[in-house]
Amino acid sequence: MSKTQPEKPAQPADASGPAAAGPGHATAHAAGLERRLRRSRILNVVLGAITAFLAVVVIAQSLPGSAGGAAADAPPASSDTPATGAPAAGTNPENPAIAKRDPDDPFAIGSVDAPIVLVEWADFRCPFCAVFTNDTMPVILDEYVDSGLVRYEFRDVAFFGDESVDAAVAARAAGEQGRFPEYLAALYAAAPESGHPDMPREKLVGFAQTAGVPDLARFEADLDRQDLRDAVAKSTADAQALGVSSVPFFVVGTQAMAGAQPVDAFRQFLDTRLAEAGVDAPGAGQAD
């Protein structure tokens, strides 16, 4: 099964990243996410197995129910093989520091009482994070989140410099006005296929317009808020403390998955986690 490489920081967190990309077809993709359209433009690149696997091992060791994480000779990080100490059928242990289930979380989509929570860590300048959002997330929303089976929770990290922080602040500002999913879609729809796009202020404001953020003056003022920058820094530090060192990175319960995998890999991952939680999801996980 071909896999898509997760994005690993190549520079210190305060370094600036290269490459610029205009908004382009942002409007079409934003509308597509809102309508839960299914995309099948999966970018099949060999998974960076070493870095991704190490990230899974480290974070698995911090999850409840783990007895030391995956073995050193286990399959790559994106495989569906459970780590040592996987939960028994009918259980779904969660670390509340990871799956928060906060009903007021502006970065969450879906029922707070869903059987399982899919947590994603992503950098807004990461092209592979864009692949997941553009191609796979609409399918997950349609098949799992809208049906009440899965709750999706987003965690921002700023691995690629100050403009990653700027973009995360902008997404938080949009979220405070109830437009986080739309902002996420608009921003990632404009991402290049490779490289880290520049995120100047005018582009961030343009994404807000595309996303339908109602009060643009407030949004622009919020881009300068220190508390939002501090929140991004804390989210990044928390992720690194857990062992998240590549993006996109996903956790459900005690299991982790790295990279923008093909949609069927996510179906299998979620179906297995639902089965572990004692939930039957007939039809979910089947290819179209």
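Because the structure is a prediction, the values reported are computed rather than measured.
- When all heavy atoms of A114 and V150 are compared, the closest pair comes out as CB-C, 3.6 Å.
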* Asked: After noting the C-alpha distance and the side-chain angles of L184 and F124, does the key distance pass the side-chain contact (heavy atoms from CB on, under 4.5 Å) rule?
  -> CA-CA 8 Å; L184 185 77; F124 287 102; 3.6 Å; yes

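- Counting heavy atoms from C-beta on, the side chains of L118 and M137 never come closer than 4.5 Å.
- The minimum heavy-atom distance linking D222 with A173 is given by the pair CB-CB, 3.7 Å.
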Could you tabulate the donor-acceptor pairs under 3.5 Å formed by side-chain atoms of residues 154-161, not counting sequence neighbours?
from	atom 1	to	atom 2	distance (Å)
R155	NH2	I98	O	2.6
R155	NH2	E153	OE1	2.6
D156	OD1	R172	NH2	3.0
D156	OD1	S235	OG	2.9
D156	OD2	R172	NE	2.8
D156	OD2	R172	NH2	3.4

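- Residues L187 and M199 form a side-chain contact, since some pair of their non-hydrogen atoms from C-beta on lies under 4.5 Å apart.
- With sequence neighbours excluded, no residue forms a side-chain contact (heavy atoms from CB on, under 4.5 Å) with P106.
- Under the 3.5 Å distance criterion, the side-chain polar atoms of N134 are matched with a main-chain donor or acceptor of A130.
- Heavy-atom minimum distance, P248 versus A260: CG-N, 3.8 Å.
- Side-chain rings of F250 and F132 approach one another, their centers coming within less than 6.0 Å.
- Rounding to the nearest 0.5 angstrom, the gap separating the SG atom in C129 from the CZ atom in F249 is 12.0 Å.
- Residues forming a salt bridge (Lys or Arg N to Asp or Glu O under 4.0 Å) with D227 (at least two apart in sequence, or on another chain): R225.
- Here the side chains of T254 and E276 are not in contact, with every heavy-atom distance at 4.5 Å or above.
- A search for side chain to side chain donor-acceptor pair (under 3.5 Å) contacts involving R218 returns nothing, not counting sequence neighbours.
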* Evaluate the salt bridge (Lys or Arg N to Asp or Glu O under 4.0 Å) criterion for residues D166 and K203: first the C-alpha distance (whole Å), next the side-chain angles of each, then the deciding distance (0.1 Å), finally the verdict. => CA-CA 11 Å; D166 295 340; K203 183 184 285 189; over 6 Å; no

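- Taking Q226 as the reference, R229, D230 meet the side-chain contact (heavy atoms from CB on, under 4.5 Å) condition, with sequence neighbours excluded.
- The two residues A99 and V119 come nearest to each other via the heavy atoms CA-CG2, 4.1 Å.
- Residues satisfying the side-chain contact (heavy atoms from CB on, under 4.5 Å) test with P214, not counting sequence neighbours, are Q177, R179.
- Pairs engaging residues 231-247 under the salt bridge (charged side-chain N to carboxylate O under 4.0 Å, His left out) rule: K234-D238 [sequence neighbours left out].
- Residues D135 and V263 fail the side-chain proximity criterion, which asks for heavy atoms closer than 4.5 Å.
- The side-chain contact (heavy atoms from CB on, under 4.5 Å) check on A208 picks up Y183, V213, L216, F219, with sequence neighbours excluded.
- To the nearest 0.5 Å, atom CG of residue L270 and atom CG of residue L149 are 9.5 Å apart.
- Separation of atoms OG1 (T236) and CG (D123) is listed at 8.0 Å; rounding is to 0.5 Å.
- Once rounded to the nearest 0.5 Å, the distance linking CD of E176 with CG of L228 reads 5.5 Å.
- Applying the side chain to side chain donor-acceptor pair (under 3.5 Å) rule to D215 yields no partners; only residues at least two apart in sequence or on another chain are considered.
- The side chain to side chain donor-acceptor pair (under 3.5 Å) analysis of residues 105-120, with sequence neighbours excluded, yields the pairs E120-Y152.
- Here ring pair (Phe, Tyr, Trp, His ring centres under 6.0 Å) pairs that include residues 222-248, with residues two or more places apart or in two chains, number zero.
- Nearest heavy atoms, P115 versus V279: CB-CG2, 3.6 Å.
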* side-chain contact (heavy atoms from CB on, under 4.5 Å) between D198 and R125, worked out -> CA-CA 8 Å; D198 290 340; R125 299 179 66 216; 4.2 Å; yes

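- By the 30° and 60° cut-offs, the orientation of the rings of F107 relative to F180 is tilted.
- Counting heavy atoms from C-beta outward, I116 and L274 have side chains that approach closer than 4.5 Å.
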* For side-chain contact (heavy atoms from CB on, under 4.5 Å), just list the numbers for W121 and L242, CA-CA rounded to whole Å, side-chain angles, deciding distance to a tenth of an Å, and then say yes or no. => CA-CA 11 Å; W121 286 267; L242 283 169; 3.8 Å; yes

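- The CZ atom of R267 sits 4.0 Å away from the CD atom of E143 when rounded to the nearest 0.5 Å.
- The two residues P127 and E193 have their closest heavy-atom pair at CB-O, 3.9 Å.
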